[in-house]
Amino acid sequence: MSLPSRMTLVALDRPGDPDAMTIGSGPVPRPGRDEVLIRVAAAGVNRPDVQQRKGLYPPPPGASPILGLEVAGTVAGLGEDVRGWAMGDQVCGLANGGGYAQFCAIPAAQCLPWPEGYDAVRAAALPETYFTVWANLFGHGALAPGETVLVHGGTSGIGVTAIGLARAFGATVYATAGSDEKCAACLRFGATAAINYREKDFAAEIQRLTDGRGVDVVLDMVGGDYTSRNVASLAFKGRLVVIGFMGGRSSDAIDLTRIAARRLVITGSTMRPRTTAEKGAIARALHDKVWPLLADGTCGPEIFKVFPLAEVATAHRLMEESRHVGKIVLAVD
């Protein structure tokens with residue numbers, strides 16, 4: 001396949017507001033020995049992209065400085081050591097950076113085929129949220145069939161994914177959201193109950209809904225003052241899994257005696273710093289256990305809106321306003 005020497009991309013010369021991003025051009029990346037080069041058709045928009053744009057989430061060493069952590073498209077180049085992929089294959093992948101561009105080089109281990117029946121937009125909405133939820137909810141959180149989970153931000157990309165997967169694997173799901181309309185959406189996605197956190201104390205509601213038992217797992221992207229209420233929401237041997245800090249990176253007034261007496265676990269992780277081997281193991285688990293569920297419609301992404309790449313600033317504003325339900329995606333090619 002003949003490749004151009006340059007490509008269209010989203011440039012960010014300085015950290016700032018959404019208007020700091022401009023449409024520019026740059027060299028087409030060449031895939032490393034273990035990488036595939038993807039001709040990008042669509043790219044997902046995620047909170048980490050917003051944080052990187054603001055200068056608060058720098059890319060790891062060696063990663064592309066271009067924004068964008070998930071893409072879908074076709075294989076346009078293969079590294080020397082890559083096996084199992086062929087030119088023209090339809091793939092989606094978890095990028096270490098570089099997704100807001102016409103071409104993106106991604107470790108082959110971090111790529112997956114489009115689920116059966118999916119197009120580029122739906123496939124691009126998968127990697128960041130499904131990798132994150134699988135690793136944290138079922139890995140660190142060890143959510144098991146028959147258990148209960150509280151998912152914060154139930155209408156975010158992460159929230160929709162967590163609700164769908166938890167239900168698919170036999171758990172009962174409670175969710176929080178910021179309006180009655182969003183709570184209704186959580187119920188539509190499969191939550192047993194949804195709590196409007198602007199109107200009710202979610203910890204008190206969880207105690208009411210579970211007859212005082214609490215939930216086995218809390219998946220939290222808020223942090224800050226949610227932490228003490230998350231701890232109060234956990235059942236005996238419960239697990240709090242922290243994956244974001246939208247409400248702050250620190251917390252006071254946690255009842256340590258409750259943690260000890262109820263044998264609670266507080267854990268968490270970020271995805272981007274993980275090694276290729278770690279991400280590859282997650283990809284294999286998703287392919288084996290989750291991709292069949294996507295193909296048969298048991299669960300899947302909720303696409304809120306698709307923007308052309310040139311309207312990336314508008315897409316970021318929408319993300320920051322939190323008016324969306326599900327995923328925001330950029331159409332690239």
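Start at 1 with the first residue, then count along the sequence.
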Residue list, ring pair (Phe, Tyr, Trp, His ring centres under 6.0 Å) with Y197, at least two apart or on another chain |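 So Y197 forms no ring pair (Phe, Tyr, Trp, His ring centres under 6.0 Å) with any residue.
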Could you pull out all residues at least two apart from W114 that satisfy ring pair (Phe, Tyr, Trp, His ring centres under 6.0 Å)?
->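 For W114, no residue satisfies ring pair (Phe, Tyr, Trp, His ring centres under 6.0 Å) once neighbours in sequence are set aside.
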Measure the shortest side-chain to side-chain distance between [X] and [Y] over non-hydrogen atoms and say whether it is less than 4.5 angstrom.
X: L112; Y: Y130; value: no
X: M221; Y: S156; value: yes
X: R274; Y: I282; value: yes
X: S269; Y: N136; value: yes
X: Y226; Y: L240; value: no
X: V40; Y: M7; value: no
X: V325; Y: F189; value: yes
X: W291; Y: L286; value: yes

Closest heavy-atom contact between [X] and [Y]?
X: P59; Y: A63; answer: CB-CB, 4.1 Å
X: C299; Y: L294; answer: O-CD2, 3.5 Å
X: T227; Y: S251; answer: CB-OG, 3.4 Å
X: A177; Y: K182; answer: CB-CB, 3.6 Å
X: T155; Y: A185; answer: CG2-CB, 4.0 Å
X: C111; Y: V36; answer: SG-CG2, 3.5 Å

Approximate separation, where rounding is to 0.5 Å, of [X] [atom1] and [Y] [atom2]:
X: L309; Y: L9; atom1: CG; atom2: CG; value: 8.5 Å
X: I158; Y: D220; atom1: CD1; atom2: CG; value: 12.0 Å
X: E302; Y: T161; atom1: CD; atom2: OG1; value: 10.5 Å
X: I328; Y: L318; atom1: CD1; atom2: CG; value: 4.0 Å
X: D34; Y: L78; atom1: CG; atom2: CG; value: 12.0 Å
X: E80; Y: E35; atom1: CD; atom2: CD; value: 12.0 Å

Test T257 against every option in I254, I259, D255 by the side-chain contact (heavy atoms from CB on, under 4.5 Å) rule and name the one that passes.
->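 The single option meeting the side-chain contact (heavy atoms from CB on, under 4.5 Å) with T257 is D255.
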Pairs involving residues 97-108, ordered by first then second residue, that meet side-chain hydrogen bond (donor to acceptor under 3.5 Å, both in side chains) (sequence neighbours left out) |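 The answer is D49-Y100, Y100-H316.
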E116 atom CD, over 12 foreign heavy atoms within 6.0 Å =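 Atom CD in E116 is not packed in, count stays at 12 or less.
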Answer yes or no: are there more than 12 heavy-atom neighbours, outside R167 itself, under 6.0 Å from its atom CZ?
->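 Check fails, neighbour count at 12 or below.
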So, do F169 and W134 have ring centers that fall under 6.0 Å from each other?
->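 For F169 and W134, the ring centres are under 6.0 Å apart.
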Taking the six-membered ring for Trp, are the ring centroids of Y174 and F202 within less than 6.0 Å of each other?
->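 Centroid separation for Y174 and F202: 6.0 Å or greater.
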Would you please test R53 and E320 for salt bridge (charged side-chain N to carboxylate O under 4.0 Å, His left out) and show each step?
-> CA-CA 12 Å; R53 190 204 76 222; E320 291 183 284; 3.2 Å; yes
Using modelled atom types only, decide if a donor and an acceptor are shared between the side chain of [X] and the backbone of [Y] within a distance under 3.5 Å.
X: N46; Y: P48; result: no
X: R263; Y: K237; result: no
X: S25; Y: T8; result: no
X: R272; Y: N96; result: yes
X: D216; Y: V149; result: no
X: T267; Y: V241; result: no
X: E147; Y: A144; result: yes
X: D89; Y: V91; result: no
X: R198; Y: G178; result: yes
X: Q110; Y: L94; result: yes

Before accepting this row, confirm whether a basic side-chain N of the pair R208/E205 lies closer than 4.0 Å to the acidic partner's carboxylate O.
->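 Looking at E205 together with R208, the answer is yes, because their closest N to O distance falls below 4.0 Å.
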Joint hydrophobic cluster, M87 plus I38, side-chain heavy atoms closer than 4.5 Å |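 In one cluster: yes.
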Report whether F304 and V332 are members of the same hydrophobic cluster (ILVMFWY, side-chain heavy atoms less than 4.5 Å apart, transitive linking).
->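 F304 and V332: one cluster.
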Side chains of S322 and R47: is there a donor and an acceptor less than 3.5 Å apart?
->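 Result is yes, a qualifying pair exists.
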Evaluate side-chain contact (heavy atoms from CB on, under 4.5 Å) for E70 paired with L126, printing each intermediate quantity in order.
-> CA-CA 8 Å; E70 60 181 353; L126 298 174; 5.6 Å; no
Should L3 and F103 be marked as a side-chain contact (heavy atoms from CB on, under 4.5 Å) after you check the CA-CA gap, both sets of side-chain angles, and the distance that decides it?
-> CA-CA 10 Å; L3 293 174; F103 292 89; 3.7 Å; yes
Stepwise, does the side-chain contact (heavy atoms from CB on, under 4.5 Å) test hold for H152 with M246?
-> CA-CA 11 Å; H152 290 303; M246 294 173 60; over 6 Å; no
Start with the C-alpha gap between L69 and M271, add the side-chain angles, then the distance that decides, and say whether side-chain contact (heavy atoms from CB on, under 4.5 Å) holds.
-> CA-CA 10 Å; L69 297 177; M271 183 58 61; over 6 Å; no
